[in-house]
Amino acid sequence: MTITDLAPALGLAGENAPWWRQAAVYQIYPRSFADANADGLGDIAGITSRADYLGALGIDAVWLSPFYPSELADGGYDVADYRDVDPKLGTLADFDDLVAALHARGIKVVVDIVPNHSSDQHEWFREAIDAGRGSAARDRYIFREGTGPDGATPPTDWVSAFGGPAWERVADGQWYLHSFAIEQPDLNWAHPEVRADFVRTLRFWSDRGVDGFRIDVAHMLTKDLSEPLPSQAQLDAMPQDGLHPLLDRDDVHEVYAEWRQVFDSYDPPRTAVAEAWVDKARVPLYASQQGLGQAFNFDLLEADFEAEQFRVVVTDNLALAAESGSSSTWVLSNHDVVRHATRYGLPHPGRAPGGRPSVKHGLEWVLTGGVEPQLDRETGERRARAATLFMLGLPGSSYLYQGEELGLHEVADLHADDRQDPTFFRSAGADFGRDGCRVPLPWTPDGATFGFGADGAHLPQPAWFADYAASTQEGTEDSTLSLYRRALGLRHALQTGEQLEWIDTDSADVLRYRRPNGWEVVTNFGQAPVDLDAVTAGGMAREIALSSEPIEGATLPGETTVWFAPQR
Ligand code: GLC
């Protein structure tokens with residue numbers, strides 16, 4: 001059955017909603033996707049060379065993690081120039097080619113904007129260092145005098161998100177704030193030039209045809225740094241109610257209101273999605289149509305593979321999205337967390353290896369990586385497929401992370417010498433960091449880098465990557481890649497109205513929901529098979545996608561999702 005067969009039955013005509021409301025957005029981590037120039041680092045031309053793969057996947061948009069000039073102190077989230085392509089990754093002309101190739105396949109392009117901090121290699125920061133204390137150039141960042149004899153103690157005891165002190169001393173004795181790595185000085189958002197420059201950046205990429213933006217740590221830009229500065233303990237004790245000195249301040253929305261005018265000055269309007277680790281109740285401020293328009297919701301990513309948790313996450317987030325006039329977002333994996341196939345295959349569901357919580361609050365950080373001898377690969381993959389199919393049926397936008405369509409696992413046992421993530425180094429190895437989900441993709445089952453590039457890969461790929469190669473999965477009906485393609489293809493046609501109706505099932509392990517066009521999704525989160533007739537009251541006959549082995553008779557296997565189309 002094809003989508004065209006389904007379309008008339010489902011009354012798909014007449015839907016005119018903006019593309020981003022129910023999009024499947026595929027995140028590319030450019031340095032690890034495909035390497036066209038054989039230097040071990042993925043590049044822009046590499047992505048373009050895989051445009052057909054992306055087209056065949058059936059996604060609506062690609063989100064590119066930073067590809068700007070960078071010393072890679074934080075995988076590119078340390079940006080040295082916001083309006084250029086890293087020469088290691090290509091040129092602006094290569095970027096234009098990529099946009100053209102994706103647009104030609106009906107795929108929108110979203111780029112990552114990193115406004116909280118620049119790289120210490122940014123010309124503004126170089127200038128600030130050279131210009132010295134009290135200079136206008138320093139005022140674009142957050143410089144302060146230290147305390148104690150000779151000012152040798154940092155201005156405060158604040159801790160950076162990657163561990164260790166949040167202040168770094170420069171040669172003349174002043175200190176600058178870096179909420180993340182030392183090489184990521186925080187910008188001063190009270191400075192009009194900083195604000196004006198980001199507007200210029202948004203226009204620069206919009207003019208080049210970019211369709212939308214992902215806003216990095218959108219809740220951290222504005223700060224109240226009036227003296228005396230509080231201690232870390234005082235900061236931690238303060239409510240995050242819009243007036244916290246560092247996090248989720250109400251005044252950050254003045255920035256986004258200005259950006260909204262930029263977005264809306266284009267036709268079609270450019271879109272944005274906020275990465276904002278804030279209290280749930282405050283997410284709608286970011287997703288507001290007067291602001292960024294959409295915000296990430298990481299609740300599915302933090303949930304165990306468990307029916308009740310999934311039900312609550314969906315219900316709560318649909319309500320929140322409605323409050324802002326936005327649509328919800330759903331994420332199971334991204335470049336900051338342990339891949340969901342691995343999370344679900346660990347004995348501590350939803351936890352990082354070793355039983356530590358996978359999310360560390362405080363500066364809200366998601367930990368990943370580590371060695372986990374008890375990983376059950378098959379269970380992890382089976383649950384991951386079921387969870388993905390559950391997610392792709394939901395109203396709203398699903399954000400997918402490169403490699404999850406291959407069922408790829410985390411590379412947990414990277415050697416310390418090979419690791420790159422500053423979280424690993426700044427925690428002296430206590431946090432394994434995020435490199436394990438950033439290992440270059442396996443395109444073919446053989447070759448020095450499994451088809452990633454001609455030569456080495458910047459993070460070493462394990463031998464078992466061969467089993468997950470895209471080229472092998474392409475021709476295999478029951479592969480994870482085939483499941484993603486089928487589901488994403490169908491989803492294109494099926495995502496019409498944005499409502500969801502829960503339908504009671506007899507089992508606490510089984511969730512069932514229906515969309516306005518009659519499309520139904522049933523997930524058995526339990527291990528035991530369930531009687532499908534009992535669950536669906538015998539009403540649903542046209543199975544259109546299934547996350548595991550075929551249904552025999554009326555028995556839905558354990559840890560499986562099935563999509564049903566309505567009876568004609
Ligand atoms: C975001 C990014 C993460 C990066 C951090 C600092 O959370 O997702 O990868 O390290 O911001 O820019």
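Starting from 1, each residue takes its place in the sequence as its number. Order of listing sets the numbers, starting from 1, for every ligand and every atom in it. If you're wondering where the values come from, they're calculated on a predicted model, not measured in any experiment.
Short contacts between ligand 1 and Arg438, defined as distances under 4.0 Å to a heavy atom of the residue, involve ligand atoms 9 (O). Atoms of ligand 1 lying under 4.0 Å from at least one heavy atom of His117, given by number and element, are 6 (C), 12 (O). Counting the atoms of ligand 1 from 1 in the order shown, those under 4.0 Å from a heavy atom of Arg434 are 3 (C), 4 (C), 9 (O), 10 (O).
Applying the ring-ring contact (aromatic ring centres under 6.0 Å, His included) criterion to Trp464, with sequence neighbours excluded, gives Tyr468. Partners of Phe425 by side chain to side chain contact (heavy atoms under 4.5 Å, CB included), not counting sequence neighbours, listed by chain and number: Arg419.
Within the 4.0 Å heavy-atom criterion, the part of Phe162 lying near ligand 1 is the side chain and not the backbone. Under 4.0 angstrom from ligand 1, there are no non-hydrogen atoms of Gln27. Only side-chain heavy atoms of Arg214 come within less than 4.0 Å of ligand 1; its backbone N, CA, C and O stay farther off.
By the 30° and 60° cut-offs, the orientation of the rings of Phe452 relative to His458 is tilted. The aromatic rings of His253 and Tyr286 stand perpendicular to each other, their planes meeting at an angle above 60°, with 30° marking the opposite boundary.
With a 6.0 Å cutoff to the six-membered ring centre and a 45° limit on the axis angle, Arg270 does not count as a cation-pi contact of Phe263. Cation-pi contact between Arg50 and Trp443: present, with separation from the ring centre below 6.0 Å and deviation from the ring axis of at most 45°.
When the heavy-atom distances from atom 12 (O) of ligand 1 to Asp216, Asp112, Asn116 are ranked, the shortest goes to Asp216. Residue Asp336 holds the heavy atom nearest to atom 3 (C) of ligand 1 of all those in Asp336, Asp421, Val217.
Taking any N or O of Glu275, backbone or side chain, at least one lies under 3.5 Å from an N or O belonging to ligand 1.
Checked against the 6.0 Å centroid threshold, Trp277 and Phe298 count as a close aromatic pair.
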